[in-house]
Amino acid sequence: MIQITLPDGSIKEFPKGVNAIDVAKSISEGLARNVISAKFNEKTIETSTTLTENGSLTLYTFNEPEGKKAFWHSSAHVLAQAITSFYPNVKLTIGPAIDNGFYYDVDLGDDTISEKDFNEIENKMLEFARGKFEFLMREVSKKDALDFYKNQNNQYKVELIENLTDGEITFCDHSDFTDLCRGGHIPNTSIIKAVKITSAAGAYWRGDEKNNQLTRIYGISFPKQKMLTEYLELLEEAKKRDHRKLGKELELFAFSAKVGQGLPLWLPKGAALRERLENFLKKAQKKAGYEMVITPHIGQKELYVTSGHYAKYGEDSFQPIKTPKEDEEFLLKPMNCPHHCEIYNNKPYSYKELPKRFAEFGTVYRYEQSGELHGLTRVRGFTQDDAHIFCTPDQLDTEFKAVIDLVLYVFKSLSFENFTAQVSLRSKEKSDKYIGSDENWEKAETAIINAAKEKGLDYVIEYGEAAFYGPKLDFMVKDALGRSWQLGTIQVDYNLPERFDLQYKGADNQLHRPVMIHRAPFGSMERFIAVLLEHTAGKFPLWLTPEQVIILPISEKYQIYAEKVLHLLENSEIRALVDERNEKTGRKIRDAEMNKIPFMLIVGEQEESEGTVSVRKQGEGDLGTFTIEKFISLIDNEINSTLEKF
RNA sequence: GCCGGUGUAGCUCAGGGGUAGAGCGUUUCCUUGGUAAGGAAGAGGUCAUGGGUUCAAUUCCCAUCAUUGGCUCCA
């Protein structure tokens with residue numbers, strides 16, 4: 001007998017050789033039916049794996065992430081089987097489960113797969129799934145494994161196996177299909193009831209663009225048809241929140257092929273929205289001791305040679321601007337920091353004057369790869385809510401934490417609760433990507449990690465995500481489709497102060513090197529507004545929204561009263577407009593609801609005679625009759641309750 | 001930049017080798033109304049751009065541009 005500890009702490013005895021399904025059966029038949037994956041002593045196992053020693057066992061159904069992973073990983077095997085049946089010469093590479101589904105990277109040689117083929121792949125997968133094939137793991141010697149794939153001329157699997165240790169190599173068989181596999185499957189293929197191939201895309205072998213490009217086939221599968229339908233509906237819903245669609249509908253921004261790709265045009269409503277966001281941050285920054293500065297959009301090439309940007313990005317960037325004077329070259333600024341360093345260099349500083357905090361809504365231009373451009377989230381010209389703090393090494397910790405507070409304040413004011421704090425460090429390998437000494441890097445990395453810890457941030461560490469001059473603390477927020485975007489960022493930099501020879505005079509009457517913090521709570525106005533649009537589905541907080549109130553006269557007779565109400569609201573700094581169209585009230589209400597204007601004021605005979613307004617709240621309905629003063633204070637209260645002071 | 005998809009009216013989209021359609025919006029007229037679409041008539045398109053094939057191209061082919069799903073990249 002062996003003792004199995006279950007997640008609730010209970011210990012049960014079983015004969016040696018039981019498997020996860022047997023254990024599930026001992027709990028309930030229903031659980032046994034739904035168990036699709038298991039973990040034994042923190043190791044993922046097959047549900048059929050025989051257990052021969054004491055240990056703790058966790059059972060997973062499709063409802064748990066671990067269950068989904070096994071389900072989708074197993075589905076990837078079936079996908080590979082289906083692809084192989086259509087393209088016998090295909091070379092399989094890797095096929096993992098991902099957050100939403102799975103993919104398989106394959107080398108199709110001269111063949112191609114397009115959307116037209118998805119349907120028959122899905123049908124084939126379901127046909128195989130119905131065969132109720134078990135996933136059977138078996139150990140294979142390194143030699144046999146290599147021979148198996150050398151026979152198939154599959155250099156990819158050979159490369160994978162060469163990096164594995166003999167004795168730890170396993171194959172998985174189901175039906176007549178075999179794949180190199182580490183394990184973690186569902187009991188059999190018949191549990192896969194619904195399959196959707198979602199897209200096909202190019203992907204480089206091992207993620208390196210110097211390697212062959214493979215075809216990546218994405219799919220998702222479910223144990224119930226209904227779940228697939230719901231998933232597809234969810235995707236449709238997410239599309240409605242797409243900032244590109246909302247930006248067009250709400251007339252916030254636009255692009256023009258003539259102006260150029262990745263260069264957004266801000267329309268009146270969008271520009272006003274952006275201005276309000278800027279003012280919001282300026283106010284908080286003023287309290288936090290920042291000083292606004294303004295710098296030009298271009299700078300001499302030499303400036304970026306000094307900063308190191310030219311060596312790093314020069315080739316792949318907007319090329320230098322020439323002037324009639326020979327050898328004179330300017331670059332569009334890709335960053336504000338070099339300019340701010342020169343502002344610091346404008347005069348000598350005593351340690352008593354530090355920290356200096358220079359802030360600027362600085363527009364920068366970066367030649368992003370054409371395939372990387374995406375709505376407002378990835379553009380070629382954008383405005384950073386940038387600031388650079390120059391401080392003594394002693395002040396670094398306090399300053400860094402103060403910036404974290406500011407970022408958290410900004411996020412809270414805009415209801416971004418689901419962000420991830422990411423400590424972005426150097427990659428452990430490719431060190432030529434970075435400038436500066438190891439010593440400085442270590443100091444900077446330690447400073448960031450300590451500050452994040454002390455502030456109680458729930459952070460993750462990502463290697464290889466640092467900027468080339470220093471590590472970062474990034475605040476990541478997801479868009480409607482679950483893609484992560486970096487918004488706020490704080491970076492510690494010991495390098496640029498050296499490159500620009502920044503100094504201050506210390507208490508010892510000696511010159512010292514200041515430390516620099518780069519920070520942008522929004523990240524960029526463009527990306528921030530994009531993610532904000534997707535989060536709110538266009539229903540911005542009242543203080544931010546372009547039009548707060550729309551006045552709906554019941555007929556043309558009440559137009560004059562409507563104008564009067566409008567002026568009263570405008571006098572109280574409320575953004576309002578009158579719907580003076582020749583339409584019925586029902587129609588005006590519908591349009592205002594669709595346009596997501598937070599408050600509708602219906603005015604007719606009754607309101608005119610009483611000097612009141614009839615208030616309707618978007619998405620909620622009739623609130624009753626208010627005097628204008630009372631309505632104004634309703635608005636003020638709502639704004640004050642969402643927008644705390646910094 | 002690479003691998004796919006897409007580009008038709010202001011917007012969303014249908015169509016298809018013989019130079020075009022719907023809904024919404026817009027304009028005009030009727031209607032003057034009370035909490036999610038009142039009625040009628042009209043205007044509006046070099047079918048992204050440039051080549052090619054064809055008696056004939058918006059439709060097929062190629063290129064370019066833009067856009068889009070990924071990959072790579074992201075100061």
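Order of the sequence lines sets the chain letters (A, B, ...), proteins ahead of strands, with each chain counted from 1.
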Integer angstrom distance from the C1' of B/C47 to that of B/A20: 8 Å
Sugar-phosphate only, base, or nothing, as touched by A/His374 at under 4.0 Å among non-hydrogen atoms: sugar-phosphate
RNA chain B stem ranges, 3 or more consecutive Watson-Crick or G-U pairs under 3.5 angstrom: B:1-7 with B:65-71, B:10-13 with B:21-24, B:26-30 with B:38-42, B:48-52 with B:60-64
Touch class at under 4.0 angstrom, heavy-atom based, for A/Glu583 against every strand present: base
Pair A/Asp501 + A/Arg513: basic N to acidic O under 4.0 Å: yes
Side-chain-base donor-acceptor pair under 3.5 Å for A/Glu556 and B/G33: no
Any A/His388 side-chain heavy atom under 4.5 Å of A/Ile517 side chain: no
Touch class at under 4.0 angstrom, heavy-atom based, for A/Lys588 against every strand present: nothing
Touch class at under 4.0 angstrom, heavy-atom based, for A/Arg378 against every strand present: base
Between B/G45 and B/A14 - C1' atom distance, rounded Å: 15 Å
Charged N-O contact under 4.0 Å between A/Arg590 and A/Glu593: no
Side chain of A/Arg587 (C-beta onward), nearest among B/G4, B/U31, B/G38: B/G38
Aromatic ring proximity, centroids under 6.0 angstrom, A/Phe528 and A/Phe416: yes
Donor/acceptor link under 3.5 angstrom from A/Gln213 side chain onto base of B/C2: yes
Sugar-phosphate, base or nothing in reach of A/Arg206, heavy atoms under 4.0 Å: nothing
Touch class at under 4.0 angstrom, heavy-atom based, for A/Gly621 against every strand present: nothing
Separation of B/G5 P from A/Tyr218 OH (nearest whole Å): 17 Å
Sugar-phosphate, base or nothing in reach of A/Ala200, heavy atoms under 4.0 Å: base
Touch class at under 4.0 angstrom, heavy-atom based, for A/Ser114 against every strand present: nothing
Residues A/Glu608 and A/Lys557 bridged, charged N to O under 4.0 Å: no
Touch class at under 4.0 angstrom, heavy-atom based, for A/Lys557 against every strand present: sugar-phosphate
Sugar-phosphate only, base, or nothing, as touched by A/Glu593 at under 4.0 Å among non-hydrogen atoms: base
Under the side chain to side chain contact (heavy atoms under 4.5 Å, CB included) test, residues paired with A/Asn100 that sit two or more places apart: A/Ile220, A/Tyr231
Comparing A/Ser555 and A/Glu465 on RNA chain B - which has the more 5′ nearest nucleotide: A/Ser555
Sugar-phosphate, base or nothing in reach of A/Ser614, heavy atoms under 4.0 Å: base
Touch class at under 4.0 angstrom, heavy-atom based, for A/Gly371 against every strand present: base
Under 3.5 Å donor-acceptor pair, A/Arg216 side-chain atoms to B/C71 base atoms: no
Sugar-phosphate, base or nothing in reach of A/Gln486, heavy atoms under 4.0 Å: nothing
Interatomic distance at P, B/U8 relative to B/U59, whole Å: 13 Å
